[in-house]
Amino acid sequence: MSDKKGRVFSGARPTGRQHLGNYLGAIRNYVALQDDFDCVYCIVDLHALTTMETTQELRQNTYDMALDWLAAGIRPEESIMFVQSHVPQVTELHTILSMVTPLGKLTDLPTFKEKIRMQPNNVNYGLVGYPVLMTADIVLYKSNFVPVGIDQAPHLEFARETVRSFNYRYNTACLIEPQMKVTELPKVIGIDGVQKMSKSLDNHIELGASPEETQKRVMSMVTDPQRQRRSDPGNPDVCNVFTFHKIFSSPDEVEMVNTECRRAGIGCVDCKRLMAKNLNASLEPYRARRAEIDRSPQQVWDILDDGAQRARSIAEKTMQEVRAAIGLP
Ligand code: SF4
């Protein structure tokens with residue numbers, strides 16, 4: 001490990017081309033964390049299998065996600081970026097940790113109950129063991145911190161308890177209890193102005209979309225529902241377009257929209273045009289990098305291979321300690 005402040009781990013399912021919600025809610029933070037921490041970023045394809053009906057798009061989605069991460073500023077020469085299934089040690093640790101996890105604790109988890117509600121016809125074993133696999137992901141790499149929003153605290157507490165159970169049962173300290181790195185990540189609302197931005201709801205704006213597509217999506221954004229006519233004063237505090245202005249527009253422009261909207265001095269069409277222009281300008285460097293990397297796709301797979309190799313080397317060391325602590329012959 002380098003002289004940084006410790007190791008951070010985070011994993012995300014291979015959801016393909018990333019959108020603004022992914023960027024503002026996670027990727028931007030991933031990029032920033034690299035300055036202070038050794039970062040391990042994992043595309044968790046095995047987790048995805050618990051809910052996927054078909055795997056046809058898994059490879060393409062993995063590629064697209066990795067491409068977006070790289071274009072957004074993940075530095076593979078510093079950070080380890082890899083695919084979960086390329087490090088088989090994680091499944092071994094998952095099995096071992098499952099032996100110190102009471103089944104009732106897993107089936108009592110609200111997230112499990114929510115999942116069986118969402119897919120009652122596919123309550124598979126992997127769905128129950130999901131938090132154990134997530135724990136294995138984190139502790140396999142001796143991660144000190146996991147960046148999470150405060151609402152995800154119970155998941156990390158589960159991981160910490162599992163580590164304590166393992167270390168106590170085998171009288172060892174070889175697994176590290178990860179700490180929460182609480183980050184105030186914005187919940188990004190989609191263009192419908194109501195629900196969290198998500199590809200499945202089709203209320204998203206793709207990072208890799210063209211400027212024209214981006215503008216089109218912005219122009220279809222739902223605004224202050226009380227503002228029916230151009231002459232009605234609006235309330236930017238309840239308008240998602242204004243939320244985006246605060247991220248992508250200059251302080252002067254934000255102030256102008258804040259004032260003019262309230263006295264009907266600016267119409268929603270012009271307001272959105274301005275936001276789309278600023279959003280496109282801010283995405284421009286990202287798009288250029290994305291196009292450049294995408295010219296040689298093999299580069300992306302090579303980066304993932306290299307990441308997996310580095311991840312496996314840490315993982316195997318951890319597993320040697322784990323096997324020794326248990327006394328496996
Ligand atoms: S003028 Fe802008 S901030 Fe005000 S309601 Fe319309 S889009 Fe929203």
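We count ligands from 1, going down the list as the structure has it; atoms in each ligand are counted the same way. Counting begins at 1 with the first residue of the sequence.
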Closest to atom 7 (S) of ligand 1 among protein heavy atoms sits Thr223 CG2, 3.5 Å
- prompt: At the 4.0 Å heavy-atom cut-off, does Lys272 count as touching ligand 1?
  reply: no
Discussion item. What I'd like to find out is whether the side chain of Phe112 reaches to under 4.5 Å of the side chain of Leu106, using heavy atoms alone.
Written reply: no
One finds that the ligand 1 atoms under 4.0 Å from a non-hydrogen atom of Cys261 are 1 (S), 3 (S), 4 (Fe), 5 (S)
heavy-atom search around atom 2 (Fe) of ligand 1 in the protein gives Cys271 SG, 2.4 Å
Within 4.0 Å of some non-hydrogen atom of Asp224, the atoms of ligand 1 are 5 (S)
Aromatic ring pairing Trp301/Tyr63, orientation class (parallel under 30°, perpendicular over 60°, tilted between)
tilted
> Is there an N/O/S atom in Cys239 that lies less than 2.8 Å from atom 8 (Fe) of ligand 1?
Replying inline: yes
Residue, atom and distance of the protein heavy atom nearest atom 1 (S) of ligand 1 read Arg227 NH1, 3.1 Å
Geometric class of the Phe244/Phe248 ring pair [parallel <30°, tilted 30-60°, perpendicular >60°]
perpendicular
dist Gln179:CD -> Leu156:CG (nearest 0.5 Å) comes out at 8.0 Å
TODO: Indicate yes or no: at least one non-hydrogen side-chain atom of Ile74 is less than 4.5 angstrom from one of Gln34.
DONE: yes
Would you say Cys268 has an N, O or S atom lying under 2.8 Å from atom 4 (Fe) of ligand 1? no
Output for pair (Ser220 OG, Lys272 NZ), nearest 0.5 Å, gives 7.0 Å
